[in-house]
Amino acid sequence: MQGIGRDGQVQVEQIEVDGQLSADGVPVIFHDAKLDRVTDRIGPLAARSAAELKALNIFQGGGLIMTLDEELEILAPSGLTLRCEDKPGVDLAPYPRIVDKVFQALAPRRLVERTVLTSFHLPTLRQVLDRAPALSDVIWLVSDQIVRPTSPDHVAMLAAAVGVGAVSLHHKVLDDRVLAVLRDAGLRVVAFGVLEDEGLPRSCTRA
């Protein structure tokens, strides 16, 4: 996450990572539930140990898969905010104990208060809120599969039932009506899937 400072320079404020669990329960940073798209191996990430994952090669841009601990060692002294998405595994099934594992990595480095936790899975966010109310923020990433066949009122009802105060929807479904309903329900609303400033709904940038 970045912005432009008064001196015209890019200023990074947050670092976003996607957290998953290896077969031996180590939090690692990787976007896809399967390895096929960007590595030299195939199959579910969760089927391989952390050591096996770290031995893989990433095609796009090169590099290796990092553990969450390795990332936090770099982040901790920087002062930047961590935005961590607890990703699901294959078939969108949540990883057992991923919330506990993430907080076990955050707490010793005193990063809980500098962390924004996000997830598409509401029960996971319920665990997060129960575990660490001191988090910088908790945001529900609302999938299109929920938004399109239901209504923004239903989204607001689900968020309230869990206690989430912020939602993030794909920018293509964030029209003025949806924004108005969610904001009237007291929710903060942000967008995802934006690759350029022009893709951000204008009304989403209001304070």
Side-chain angles (χ1 to χ4, degrees), residues 1 13-35 43-54 65-76 78-147 155-170 187-190 192-193:
M1 314 296 173
E13 298 175 350
Q14 298 185 9
I15 300 294
E16 197 266 349
V17 301
D18 297 310
Q20 301 191 58
L21 293 186
S22 65
D24 48 349
V26 177
V28 296
I29 297 171
F30 198 72
H31 180 274
D32 296 359
K34 292 186 176 181
L35 301 168
L45 175 145
R48 295 182 179 268
S49 69
E52 290 175 316
L53 293 172
K54 288 185 62 60
I65 295 175
M66 295 179 69
T67 66
L68 181 60
D69 278 330
E70 289 171 336
E71 172 69 24
L72 297 185
E73 284 300 308
I74 298 170
L75 179 74
S78 72
L80 297 174
T81 294
L82 173 69
R83 182 179 289 248
C84 181
E85 180 184 345
D86 285 351
K87 300 284 285 191
V90 292
D91 300 323
L92 300 180
Y95 287 97
R97 296 198 64 217
I98 189 169
V99 172
D100 290 339
K101 295 283 187 177
V102 168
F103 281 110
Q104 286 170 10
L106 295 174
R109 299 173 174 91
R110 299 182 179 179
L111 285 171
V112 173
E113 292 80 6
R114 279 171 47 196
T115 298
V116 177
L117 254 295
T118 69
S119 178
F120 283 96
H121 191 241
L122 269 178
T124 294
L125 293 183
R126 178 69 271 172
Q127 293 179 49
V128 167
L129 290 165
D130 290 341
R131 176 72 182 265
L135 280 165
S136 175
D137 204 356
V138 175
I139 301 174
W140 178 25
L141 307 175
V142 188
S143 69
D144 290 357
Q145 288 86 346
I146 291 177
V147 177
V155 170
M157 179 191 69
L158 291 173
V162 172
V164 173
V167 294
S168 179
L169 287 74
H170 195 280
L187 293 167
R188 288 178 293 112
V189 185
V190 292
F192 66 82

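At least one side-chain heavy atom of Glu16 sits less than 4.5 Å from a side-chain heavy atom of Asp18. Looking only at side-chain heavy atoms (C-beta outward), Asp32 and Leu45 stay at 4.5 Å or farther from each other. Two residues are said to be in side-chain contact when any heavy atoms from C-beta on lie closer than 4.5 Å; Glu85 and Leu141 meet this criterion. Side-chain atoms of Leu129 and Val162, non-hydrogen and from C-beta on, do get closer than 4.5 Å to each other.
Taken from CD1 in Ile74 to CD1 in Ile15, the straight-line distance is 10.0 Å, to the nearest 0.5 Å.
Residues Cys84 and Val102 share a closest heavy-atom pair of SG-CG1, 4.5 Å. The minimum heavy-atom distance between Val147 and Val142, with the atom names listed, is CG2-CG1, 3.4 Å. Heavy-atom minimum distance, Ser49 versus Glu52: N-OE1, 2.8 Å. The minimum heavy-atom distance between Pro88 and Tyr95, with the atom names listed, is C-CE1, 3.6 Å. For the pair Leu68 and Ala105, the tightest heavy-atom approach, listed with the atom from each and the gap, is CD2-CB, 4.0 Å. Val190 and Ile139 make their closest contact through CG2-CG2, 4.5 Å (heavy atoms, listed as atom of the first residue, atom of the second, distance).
The existence of a salt bridge linking Arg83 and Glu13 is excluded, since no basic side-chain nitrogen approaches an acidic carboxylate oxygen closer than 4.0 Å.
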Exercise answer: donor-acceptor pairs, residues 110-125 side-chain atoms, under 3.5 Å, sequence neighbours excluded:
from	atom 1	to	atom 2	distance (Å)
Arg114	NE	Leu80	O	3.1
Arg114	NH1	Ala76	O	3.0
Arg114	NH2	Leu75	O	3.2
Arg114	NH2	Ala76	O	3.4
Arg114	NH2	Leu80	O	2.9
Thr115	OG1	Leu111	O	2.6
Ser119	OG	His121	N	3.0
His121	ND1	Thr124	N	3.3
His121	ND1	Thr124	OG1	2.7

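The environment of Lys34 atom NZ is sparse: at most 12 non-hydrogen atoms of other residues, nucleotides or ligands sit within 6.0 angstrom. Taking a 6.0 Å sphere around CG of Asp130, one finds it holds more than 12 heavy atoms contributed by other residues, nucleotides or ligands.
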Problem - Chi angles and distances behind the side-chain contact (heavy atoms from CB on, under 4.5 Å) call for Leu106, Leu82 - result: CA-CA 10 Å; Leu106 295 174; Leu82 173 69; 3.7 Å; yes
Problem - Intermediate values then yes/no, side-chain contact (heavy atoms from CB on, under 4.5 Å), Val28 and Met66 - result: CA-CA 6 Å; Val28 296; Met66 295 179 69; over 6 Å; no
Exercise for the section: Test side-chain contact (heavy atoms from CB on, under 4.5 Å) on Ile29 and Glu70 and set out the steps. Expected result: CA-CA 10 Å; Ile29 297 171; Glu70 289 171 336; over 6 Å; no
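Within the structure, salt bridge (charged side-chain N to carboxylate O under 4.0 Å, His left out) pairs that include any residue of residues 136-147 comprise Asp137-Arg188, Asp144-Arg148 (at least two apart or interchain).
Judged purely by atom type and a 3.5 angstrom limit, Gln20 uses its side chain to pair as donor or acceptor with the backbone of Phe30.
Judged as a salt bridge (charged side-chain N to carboxylate O under 4.0 Å, His left out), and not counting sequence neighbours, the contacts of Asp100 are Arg97, Arg131.
Counted by atom type alone, Thr67 and Asp69 present zero donor-acceptor pairs between their side chains at under 3.5 Å.
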